Amino acid sequence: MGLNIAQKLIKSHLVSGEMIPGQEISIKIDQTLTQDATGTMAYLQFEAMGIDRVKTELSLSYIDHNTLQSGFENADDHKYIQTVCKKHGVYFSKPGNGICHQVHLERFGVPGKSLVGSDSHTPTCGGIGMLAIGVGGLDVAVAMGGGAFYLNMPSVVKVNLTGKLRPMVSAKDVILKLLEILSVKGGVGKIIEYSGEGVKTLTVPERATITNMGAELGATTSVFPSDEMTYEFLKAQGREKDYAPLCADPDAEYEEVVEINLSELSPLAACPHSPDNVVPVSSLSGKQIDQVCIGSCTNSSYTDMMKVAAILRGRTVAENVSLVIAPGSRQVLTMLAENGALADIVASGARVVECACGPCIGMGQSPKSKGVSLRTFNRNFEGRSGTKDGQVYLVSPETAAVSAVTGVFSDPMTLANEVDVSVKMPEKFEINDNMIIPPAKEGEEVEVVRGPNIKPFPLNTELPETLEKRAVLKVGDNITTDHIMPAGAKILPYRSNIPYLSQFCFAVCDESFPERAKEWNGGFIIGGSNYGQGSSREHAALVPLYLGIKAVITKSFARIHKANLINSGILPLTFKNEEDYDKIELGDTLKLENIKSLIENGGEVILINETKGVSIPLVSDFSERQRKLLSAGGLLNYTSKSVNK
Ligand code: MIC
Ligand code: SF4
């Protein structure tokens, strides 16, 4: 039987396990990336492992999330990251050089190679046929140290693309369509592989928009073939030597097939507050808007920006709209400056901000109260923009730019005859890597600078024989890591300061949670389905750990968050019967008897609700390795325990 692309990529990196969907495998990692908001933790953990130099082919550290530097905190983190990278063999991309995924795609991604990144949108590089996976910081630290990455073998979904996008319909509309079909949990445990005649019509930046937002499906990763289009892109980046072709065998098999005819797509929008809440833009036509933001790792490529510039040329941003544009990389910004498109953008009345994540992670540009904001980003979770009742809609660059000038929600197809948005891929991108700082040859001589914002991370203790705690929080379905550990301008500078961060844990759902957790000496969290979707931030595990959370019991988990909980030694358990969710109320006393032996040896875990006098069967589906981690109290404890043995 032939192999699909995902299977080929995994097979060529397989270290252990069998490629049977659902079974645990481990793979060799060729490249790693971190960004600053998760990077400080990842490097602190790397240091704790005591390894001198990274053992990957290439490791990069980007500063892109936290670039406001409104106090010493950001700058301290950046200095720490820059020096720790120099010492241990990691390349460092300075703030202003661009968003990690955009820059990695342009300058470093290699078809056929594997990449893990401490950011959930790492699958962006799947757009050039890489096996690119978003993971927690600790998993990146292990990979930098030469360790394999463990995951459950995903099943592979084929998305068969036919036809060709019409002008003013965008790659963003393709992934929004898929979100409408599959939902934010439809990709859990799966790799989304694109194939069919329609693939050839999509450029690398378009493919990358699609693989980027596969993260919102909950997918392990997404991947496109590596073909002539990939070659042209790499050649234009001066990297044709990195090209390697990659396609599925003709008789490859898939667990599931989804058909999308590109010719039939129209502009779409994801309504508040979920990326799968998708409707046609035409159904929102005329709705008043307040803000438009263009950029983020999903839609900030050169071609996206050129389309936006073509729409804005000679037009003025509507009086009621604030239009903010963040080009994805300095390469993009330089090219816009050189060819005059930047002048068109600025002349329209747009505000151009630094090449960074910016408003996507709530670092400025929060909309007004109840403000309607159209964003080309990938997430519109409640409160993420920094305004709790902000109404964020996710749209394509075309929809965003047209609406910015009309001042109301507008279907860009209405301008299709007036504006030509058929942007050609450049034959040569502007190449200048002088904001990438190489590591020192002799790491020993580098002094790592640690400012006062760098605090130690919490460590768990060995799992006790019995756990008895109260239900300290009960939440519903689709809880995101932005609920668990919000980001934004006020909080993000404290990513290396867990005690400070803990005050904001679950603030969007229940402001009294951190205090209650302290008063009750920790507890168990009860959740619905797809708990922990969204970001890879392991702070969503480390902060609950700091607050004494011992177990999270839900209907189901998102992949990265579940792995982060296990790495931190917090038990992620699920209800055997989903209805049992209703048998637990806030404040109930819950007991897990003999839990240590059950975790170590397997066997049915029963949760006793002492307050209600009921027993609730739970599922604990862990691999051998995960059982050891949980019993030891997390990956770092397990590693030091094994080393000391
Ligand atoms: C995000 O988009 O939520 C982030 C910020 O990039 C996160 C990482 C983080 O929380 O630092 C992600 O997607 O993993
Ligand atoms: Fe940055 Fe937003 Fe992309 Fe996350 S989703 S990496 S915050 S641009």
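Counting convention: from 1, in listed order, for ligands and their atoms alike. This one's a predicted model, so the numbers in the text were calculated from it and none came from an experiment. Quick note: residue numbers are just sequence positions, from 1. All values below come from the heavy atoms of this structure, side chains included, with hydrogens, waters and symmetry mates left out.
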Hey, does Arg384 sit under 4.0 Å from ligand 2 if you only count heavy atoms? yes
Among protein heavy atoms, which lies nearest atom 8 (S) of ligand 2, and at what distance? Cys297 N, 3.3 Å
Restricting to N/O/S atoms, is Cys100 within less than 2.8 Å of atom 3 (Fe) of ligand 2 or not? no
What protein heavy atom is closest to atom 13 (O) of ligand 1, reported as residue, atom name and distance in Å? Ser120 OG, 2.5 Å
Show your working on side-chain hydrogen bond (donor to acceptor under 3.5 Å, both in side chains) between Lys185 and Ser529 and close with a plain yes or no. CA-CA 9 Å; Lys185 50 183 182 185; Ser529 61; 3.3 Å; yes
Sub-4.0 Å heavy-atom contact, Arg384 with ligand 1: yes
Of the side chain and backbone of Arg379, name the one, both, or neither that has a heavy atom under 4.0 Å from an atom of ligand 1. side chain
Asn378, portion touching ligand 2 at heavy-atom distance under 4.0 Å: side chain
To the nearest 0.1 Å, how far is atom 1 (Fe) of ligand 2 from its closest protein heavy atom, and which atom is that? Cys357 SG, 2.3 Å
Which atoms from ligand 2 have a heavy atom of Ile361 less than 4.0 Å away? 7 (S)
When you look at Glu354 and Thr67, which way does the side-chain hydrogen bond (donor to acceptor under 3.5 Å, both in side chains) test go after all the steps? CA-CA 9 Å; Glu354 192 176 17; Thr67 57; 3.1 Å; yes
Parallel, tilted or perpendicular for Phe409 and Tyr393, by the 30°/60° rule? perpendicular
Short list, please: which atoms of ligand 1 are under 4.0 Å from a heavy atom of Ser535? 3 (O), 7 (C), 8 (C), 9 (C), 10 (O), 12 (C), 13 (O), 14 (O)
Non-hydrogen atom of His101 closer than 4.0 Å to ligand 2: yes
Do any heavy atoms of Arg495 fall under 4.0 Å from ligand 1? yes
Examine distances only and state if a side-chain atom of Thr83 and a backbone atom of Tyr80 form a donor-acceptor pair shorter than 3.5 Å. yes
Those atoms of ligand 1 less than 4.0 Å from some heavy atom in Ser536: 12 (C), 14 (O)
Just which atoms of ligand 1 are under 4.0 Å from any heavy atom in Thr38? 9 (C), 11 (O)
In terms of relative ring orientation, are Phe224 and Tyr194 parallel, tilted or perpendicular, with 30° and 60° separating the classes? parallel
Hey, which atoms in ligand 1 end up nearer than 4.0 Å to a heavy atom of Ile361? 5 (C)
Should the proximity of His65 to ligand 2, defined as any heavy atom under 4.0 Å, be assigned to the side chain, the backbone, both, or neither? side chain
What part of Asp64 sits under 4.0 Å from ligand 2 if we count only heavy atoms: the side chain, the backbone, both or neither? neither
Under 4.0 Å to a heavy atom of Ala37 - the qualifying atoms of ligand 1, by number: 11 (O)
